[in-house]
2 protein chains.
Amino acid sequence: MAFGLSFKQQQFEVREEAILDAVNHLLSEKGYDLMTMDDVADEVGVAKGSLYKHFSSKEKLAGAVLTRLLRETLARLDAMTAEWTAARKLEEVLRWSLQHRLRGGVPHLPSTSRSFQRSLMRNLDYLGHAMRLQKRLKELVAKAREDGELSAQVADEVIIFTLYSRSCDPTVEFLKQSGNLSDEQIVEAMVAATFGGLSKR
Amino acid sequence: MAFGLSFKQQQFEVREEAILDAVNHLLSEKGYDLMTMDDVADEVGVAKGSLYKHFSSKEKLAGAVLTRLLRETLARLDAMTAEWTAARKLEEVLRWSLQHRLRGGVPHLPSTSRSFQRSLMRNLDYLGHAMRLQKRLKELVAKAREDGELSAQVADEVIIFTLYSRSCDPTVEFLKQSGNLSDEQIVEAMVAATFGGLSKR
DNA sequence: GTCTATACACCGATAGAC
DNA sequence: GTCTATCGGTGTATAGAC
């Protein structure tokens, strides 16, 4: 077996993806603190003990989901056409994050749990990807600033933190629950509110 | 003792306020799920069992803190001068919420815990105050809309939910932690970003 | 009402058979 | 590597003495 993975290894990979999918769903549904390893085991359909053969702790498990999300986000940035302005790209990042959440995905920011946040700061794999994304966003903000497309009233760091924060904004769930707007309308309303503001222009 | 409260009753009230202050602090620090009754008892300086003579459960205890916050917010609205426009009043509500958080207060929205959110929906005292605040905000939004001060791109419900959500926006903590801005600058940056938007006008 | 002590349940992680 | 069973720890809530 010189090329590719053995059947066993493939099966292992598939199960691991299934675990991550389940955690992704449960994290967005219940948050880190309320998600239990029993929940995960039940949703995947394996015994709780088996999870620990894949991930050595709950923190590592949740961290792997967020790392995968960061990888997807970076890939998404890479795939954007060069024709778009930097400001447009920033808008698209937000748009994609909101769509991801409306499809039941975990938000980029685990705003829920302080203990989880601290564990992420000790997760080198996560940190590496987070820094790469941070760097990309900073470059885009600098470029958009040069183009004169960003408000002079709002500092660069405020813009970046705001983009992160919108990805876990509870407004998404409120609007979803009110039932007056479609998913697409929710995304566009929040993008308009974030970049255009609440006040009349 | 025809007027006022007896000494015993006064002491009881004072202790109850002390408990609520401690919970207010702990909730904003650790969130609902991670805050334990032991934490509360330690911070107040009473035995854990004694807490249950004041509040019959952790949910009731946390609910009382949020109800008190809603009362304060309503009082704050009542105290606003009639000279201000409706749009200015909305801005001031946001400003006060952010200041409150920067002083270590709980956010209006317990975005952290789903179980706590559900318990609030069964807390009649909380619900009553929440609906009164909701009504006041709706009136202000309607008035500001009449005045032509709000963006036509953003629906009324999006505006109201956005205001609620900003009160628990993690951007506050990010900016605080980055250390580049004073508390006042953080408030003004977020108010500007929320009402003015990120894009150049 | 306040304390100490404890009941009861849940959860993260591990042990050991297969 | 997956299962069942269980340990150790922690958290809410209660019991009972004072």
Side-chain angles (χ1 to χ4, degrees), chain A residues 1 5-23 26-27 29-65 110 112-120 122-123, chain B residues 5-20 22-23 26-27 29-65 110 112-120 122-123:
Chain A
M1 186 68 76
L5 300 168
S6 73
F7 177 73
K8 281 253 174 192
Q9 286 171 321
Q10 280 184 40
Q11 204 174 31
F12 186 87
E13 293 290 327
V14 167
R15 170 151 288 188
E16 199 144 304
E17 283 297 309
I19 294 174
L20 292 180
D21 288 340
V23 173
L26 287 167
L27 270 184
E29 193 95 353
K30 317 181 71 165
Y32 180 78
D33 294 324
L34 262 48
M35 179 190 80
T36 71
M37 295 300 270
D38 285 296
D39 291 335
V40 179
D42 285 353
E43 182 148 328
V44 180
V46 297
K48 178 164 63 167
S50 303
L51 293 177
Y52 287 88
K53 297 290 178 181
H54 293 264
F55 300 93
S56 61
S57 71
K58 182 184 175 183
E59 290 182 348
K60 289 270 176 58
L61 180 49
V65 170
T112 82
S113 172
R114 288 283 202 278
S115 67
F116 182 39
Q117 284 180 2
R118 270 195 299 274
S119 92
L120 283 176
R122 283 180 267 108
N123 184 327
Chain B
L5 300 168
S6 73
F7 176 72
K8 281 252 173 191
Q9 285 171 322
Q10 281 186 38
Q11 205 174 29
F12 186 85
E13 293 290 327
V14 167
R15 172 151 287 188
E16 199 144 306
E17 283 297 308
I19 294 174
L20 292 180
V23 173
L26 287 167
L27 270 183
E29 192 95 352
K30 317 181 71 167
Y32 180 79
D33 295 325
L34 262 49
M35 179 190 81
T36 71
M37 295 300 268
D38 285 298
D39 291 334
V40 179
D42 286 352
E43 182 149 330
V44 180
V46 297
K48 179 164 62 166
S50 303
L51 294 177
Y52 286 89
K53 297 290 179 181
H54 292 264
F55 300 92
S56 61
S57 71
K58 181 184 175 184
E59 290 182 348
K60 290 269 177 60
L61 179 51
V65 170
T112 80
S113 170
R114 287 286 202 276
S115 68
F116 182 40
Q117 283 179 2
R118 271 196 299 275
S119 93
L120 283 176
R122 286 179 266 107
N123 184 328

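Numbered from 1 within each chain, the chains take letters A, B, ... in sequence-line order.
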Roughly, in whole Å, what's the span from NZ in A:Lys60 to P in C:dG12?
16 Å
Counting only N and O atoms by type, is there a donor-acceptor contact under 3.5 Å from the side chain of B:Gln9 to the main-chain atoms of B:Ser6?
yes
For A:Asp21, salt bridge (charged side-chain N to carboxylate O under 4.0 Å, His left out) partners two or more places apart
A:Arg68
Would you say that B:Leu34 contacts A:Ser113 through its side chain, given a criterion of any heavy-atom pair below 4.5 Å between the two side chains?
yes
Nearest non-hydrogen partners of A:Ser56 and A:Tyr52, listed with the distance
O-CD2, 3.6 Å
Summarise how protein sits on nucleotides 2-18 of chain D as a single string, 5' to 3': B when a protein heavy atom is under 4.0 Å from the base, S for sugar-phosphate-only contact, - for no contact.
BBB------SBBB----
May I ask you to check if A:Lys58 and A:Tyr32 form a cation-pi contact, with NZ or CZ under 6.0 angstrom from the six-membered ring centre and within 45° of the axis?
yes
Mind calculating the distance between CZ (A:Phe55) and C1' (C:dT14) to the nearest angstrom?
18 Å
